[in-house]
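Below is one structure, written out as structure tokens, with a few remarks after it.
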Amino acid sequence: MTKVHVKTGDTVKIISGKDRGETGKVLAVSPSEGKVIVEGFNMAKKHIKPRRQGESGGIVDAERAIYACKVMPVCPKCGKATRVGHKIENGKKVRVCKHCGAEL
């Protein structure tokens, strides 16, 4: 298992690829692959087969995973894309912004 610097629910900025500069919310994280799924980005067509009678099939847009190294968390306080620092507060390890020191 490898560690990933973002968690589900984080707001991230995409730093490379076709969606560079955009911000979105992380829907899922896969630490074993080192990938994340960002809401509304890296969309691809997916063919859906109807599974039961009366259900419709077709082609839908779906988010695809991108490498976690291509995204940076956005600080809620200063609004900048930042690296993640760690600090011990009240016996707990918390993630902090490298720019302003606010908790992520």
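Each residue takes its place number in the sequence, starting with 1.
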E22/F41 under side chain to side chain contact (heavy atoms under 4.5 Å, CB included): CA gap, chis, key distance, verdict: CA-CA 9 Å; E22 302 290 338; F41 297 106; 3.4 Å; yes
For a salt bridge (charged side-chain N to carboxylate O under 4.0 Å, His left out) check, start with the C-alpha distance between D61 and K45, then their side-chain angles and the critical distance, and finish with the verdict. CA-CA 5 Å; D61 280 330; K45 301 284 185 191; 3.4 Å; yes
So E63 and M43, side chain to side chain contact (heavy atoms under 4.5 Å, CB included) or not? Walk me through it. CA-CA 5 Å; E63 292 102 351; M43 301 297 279; 3.6 Å; yes
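There is a path of hydrophobic side-chain contacts, each under 4.5 Å, that joins V4 to V12. Note: the hydrophobic cluster containing V26 does not contain L104 (ILVMFWY, side chain heavy atoms under 4.5 Å, direct or indirect links).
A side-chain contact (heavy atoms from CB on, under 4.5 Å) with E89 is found for exactly one of K87, K93, K92, namely K87. D10 pairs with exactly one of H5, K25, R95 by the side chain to side chain donor-acceptor pair (under 3.5 Å) rule, that one being R95.
Counting heavy atoms from C-beta outward, P73 and V84 have side chains that approach closer than 4.5 Å. The shortest distance between side-chain heavy atoms of I66 and V36 falls below 4.5 Å. Here the side chains of I59 and I48 are not in contact, with every heavy-atom distance at 4.5 Å or above. Side-chain contact between M72 and R83: present, with at least one pair of heavy atoms (C-beta onward) separated by less than 4.5 Å. No side-chain heavy atom of S56 sits less than 4.5 Å from a side-chain heavy atom of P50.
Looking at every heavy atom in both residues, V71 comes nearest to V6 through CG2-CG1, 4.4 Å. Between K70 and S16, the closest heavy-atom pair is CG-OG, 3.3 Å.
Counting non-hydrogen atoms of neighbouring residues, nucleotides and ligands closer than 6.0 angstrom, the NZ atom of K18 exceeds 12 such neighbours.
Rounded to the nearest 0.5 Å, atoms CG (D19) and NZ (K13) are 13.0 Å apart.
Judged by distance alone, with hydrogens and angles left aside, the side-chain atoms of T2 form a donor-acceptor pair with the main-chain N or O of P31 at under 3.5 Å. In terms of modelled atom types and a separation under 3.5 Å, the side chain of T82 and the main chain of K98 share a donor-acceptor contact.
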